[in-house]
Every structure is written in structure tokens, then in C-alpha cells.
Amino acid sequence: MGSFIFLCNMRDKFTIQDWAVEDRPREKFLERGPESLSDAELLAILIRAGNRDENAIELARRVLRGAENSLKNLNGFTFEDLKRFRGIGIGKALSIMAAFELGKRCQMESTPAMPQVYSSVTAAAIVIPLLKDLHHEECWVLYLNKSNKLLGKERISKGGLDTTVVDVRIIIKKALQKNACHLILVHNHPSGNRYAGEADKIQTNKLQKAAQMCDIKLVDHIIVAGENYFSFADEGLL
């Protein structure tokens, strides 16, 4: 009987693994994003494990209470300050301090100015170095904000000698994720022929219509052929 009571008491202490999957910090982070986690849950991911009496979140809460529930105060803790908390050893203390140091360096890092794509010449200067020497076709997209400043450039697909896939759904999805207002579609012709074919015109029209439905403007489609290029906008095709 005594052994039975002892075993039951051992199960009175629940670990994070006993929680519903959607409530566990790591799974919650992956499913809902980091902004959905509390300070204690984020700290629990860093320290990874609790101790014999506390799970990782309970330990994280105790550490935060020791810092008056202030991340700024916690950032000021020294290695020795952190080690005074039972359950925080060398590895956990270093993980916490490293995370704050990375955050500090991120804030100090200067943000490079976004180039402004104001013409086909500017766009071509960005993409020709990427595509001019390829022996296969690739589809790229330049994502721009309302002022035509470059938010990013991404390869959408990689094809064969004379064809590549223009996946409209992927392009629009990425544009929405980046809050882009304008797009420039880009692909190359390894043959050296810079002129647009009928398939190129059909794909351009298809993307233009899909973008319009999401209040996004396709401002150009550039075909790279070696050092030369063809611009749909310059040729009055957009």
C-alpha cells in the first residue's frame, strides 16, 4: 500500500511533456510563432529543462521573478547572478547570456539601404549578374514596396534549357508575406534570344491578373539574354 502511494505521488509532478502538444513552448512557437509565447515560455526554450522540482517554465518564471519580471533587468545579470538560481548551471546561464548578446548585436547592426528600382535599367543591373551565364532557365521575382524600393529577390523555379515554371501561387504568396506592392518578374533565355515568346506573354498576363486581384501591380517582366535584356514595360506590353 505504501509503495502504491509513493508511485502516485511521483506522478503528481507533471512535466511539460505531460501537457497538450499545442501548449508546449517549442510546439507553440512552431505552430503560432514566437509572438504567441510569454517571456517565461521563451526563456524556457532557452534553458530547455527544469530540475527535480520544477519544469522549465516554472524555473523560467522563478528566474524572471528574481529579475522583477523585467527582461531589461535580466539582461543585466552576470554569469554569477544567474548561477545563484537553483537549476541554472553553466550551460543554461550561457544560453541566456548568449541570447541577450545576439539581440544586442542585432540592434547595433545597421540596416542597408534598400535600392530603388525606378526603371528596367535598374532592375536589369540587379538580375543580369545572376542569370547571364546560366545554361538553364530560372524564374526570379523582385519584390518592391510602394516606393519601388527593393524588399527582396527570390528564385521561384529552376528549369531546363528552354523552359521554366512560373508558379503564380508561390509568387503571390511570397508577395503578401513581404507586404510587397509591386512585382518584377524575371527569367532568362540561355539561347541568347532576348525577345519574348508567346508562352512568355501568356505567363505575364496570367501573373498580372492574379496580382491585380490582391491589389499588387506587376510593373515589368524582364527577360535576360546574356548581357542584354527585354523589358515588357519598355515595349508597351504591360
Side-chain angles (χ1 to χ4, degrees), residues 14-51 54-77 82 85 87-89 91-115 139-157 165 167-184 207 210-218:
F14 286 92
T15 68
I16 290 176
Q17 294 305 313
D18 294 312
W19 296 7
V21 172
E22 63 272 15
D23 291 330
R24 300 174 193 169
R26 292 182 184 180
E27 287 78 1
K28 189 175 175 182
F29 187 109
L30 293 172
E31 181 68 24
R32 306 181 203 170
E35 63 280 352
S36 68
L37 274 67
S38 66
D39 292 346
E41 289 172 324
L42 289 170
L43 186 57
I45 290 177
L46 284 175
I47 63 180
R48 292 179 294 180
N51 53 47
E54 302 169 302
N55 61 42
I57 291 183
E58 291 167 337
L59 175 55
R61 286 173 179 157
R62 183 159 57 85
V63 171
L64 284 170
R65 283 197 300 271
E68 299 178 350
N69 290 311
S70 166
L71 292 177
K72 185 176 181 180
N73 289 346
L74 184 59
N75 184 28
F77 278 13
L82 290 169
F85 292 93
I88 299 294
K92 292 175 182 176
L94 289 177
S95 292
I96 295 169
M97 296 181 73
F100 278 117
E101 179 61 25
L102 284 172
K104 187 188 304 179
R105 294 185 186 187
C106 180
Q107 287 191 342
M108 292 173 61
E109 190 174 283
S110 59
T111 303
M114 296 184 293
C139 172
W140 286 67
V141 174
L142 303 184
Y143 297 95
L144 314 174
N145 67 11
K146 194 172 184 179
S147 301
N148 285 332
K149 288 187 175 180
L150 184 66
L151 299 174
K153 56 182 184 293
E154 286 194 40
R155 183 174 69 184
I156 301 302
S157 63
V165 176
D167 194 321
V168 171
R169 292 171 300 177
I170 291 178
I171 293 172
I172 298 302
K173 178 182 178 181
K174 289 181 179 291
L176 293 173
Q177 289 173 341
K178 296 176 184 293
N179 292 319
C181 295
H182 298 155
L183 302 175
I184 296 179
L207 177 58
Q212 285 175 343
M213 293 180 65
C214 298
D215 201 24
I216 299 170
K217 184 178 181 181
L218 177 64

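Note: hydrogens, waters and symmetry copies are ignored here, and every other heavy atom, side chains too, is used. The shown structure was predicted, so the numbers you read here are calculated from the model rather than taken from an experiment.
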Student: Mind checking the CG-CG spacing from L59 to L64? Nearest 0.5 Å is all I need.
Tutor: 9.5 Å
Student: Would you compute the distance between atom CD1 of I96 and atom CG of L82 and round it to the nearest 0.5 angstrom?
Tutor: 5.0 Å
Student: Looking at every heavy atom in both V168 and A210, which two are closest together, and how far apart are they?
Tutor: CG1-CB, 3.4 Å
Student: Shortest non-hydrogen contact from A60 to A44?
Tutor: CB-N, 3.9 Å
Student: Quick check on E68: does its CD atom have over 12 non-hydrogen neighbours (other residues, nucleotides or ligands) under 6.0 Å away?
Tutor: no
Student: Given side chains that start at C-beta, do those of K92 and L46 come closer than 4.5 Å, heavy atoms only?
Tutor: no
Student: Output yes when a side-chain donor or acceptor of E58 lies under 3.5 Å from a complementary backbone atom of N55, and no otherwise.
Tutor: yes
Student: Could you state the interatomic distance from CG (L150) to NZ (K178), rounded to the nearest 0.5 Å?
Tutor: 9.0 Å
Student: Please determine if R105 and E101 form a salt bridge, counting it only when a charged side-chain N lies under 4.0 Å from a carboxylate O.
Tutor: yes
Student: Could you check whether any side-chain heavy atom of V141 comes within less than 4.5 Å of a side-chain heavy atom of K174, counting everything from C-beta outward?
Tutor: no
Student: Working to the nearest 0.5 Å, report the span between CG of D167 and SG of C139.
Tutor: 9.0 Å
Student: Do L43 and L74 have side-chain heavy atoms sitting under 4.5 Å apart?
Tutor: yes
Student: Quick one: closest heavy-atom pair of K146 and H182, and the distance?
Tutor: O-CE1, 3.6 Å
Student: Do K153 and L142 come close enough that some side-chain heavy atom pair is under 4.5 Å?
Tutor: yes
Student: How far does OH of Y143 sit from SG of C181, to the nearest 0.5 angstrom?
Tutor: 13.5 Å
Student: Is the closest side-chain heavy-atom distance between N179 and N145 below 4.5 Å?
Tutor: no
Student: What's the shortest heavy-atom distance between I45 and F29, and which atoms?
Tutor: CD1-CD1, 4.0 Å
Student: Are R26 and R48 close enough that some pair of their side-chain heavy atoms sits under 4.5 Å apart?
Tutor: yes
Student: How about I216 and L176: do any of their side-chain heavy atoms sit closer than 4.5 Å?
Tutor: yes
Student: Which atoms form the tightest heavy-atom contact between G66 and F77, and what is the distance?
Tutor: O-CZ, 3.6 Å
Student: On a heavy-atom basis, which atom in A211 and which in L183 lie closest, and how many Å separate them?
Tutor: CB-CD1, 4.4 Å
Student: Rounded to the nearest 0.5 Å, how far does SG of C214 lie from CD1 of I171?
Tutor: 12.0 Å
Student: When you measure from the side chain of K28 to the backbone of L37, do you find a donor-acceptor pair of N or O atoms at a distance under 3.5 Å?
Tutor: no
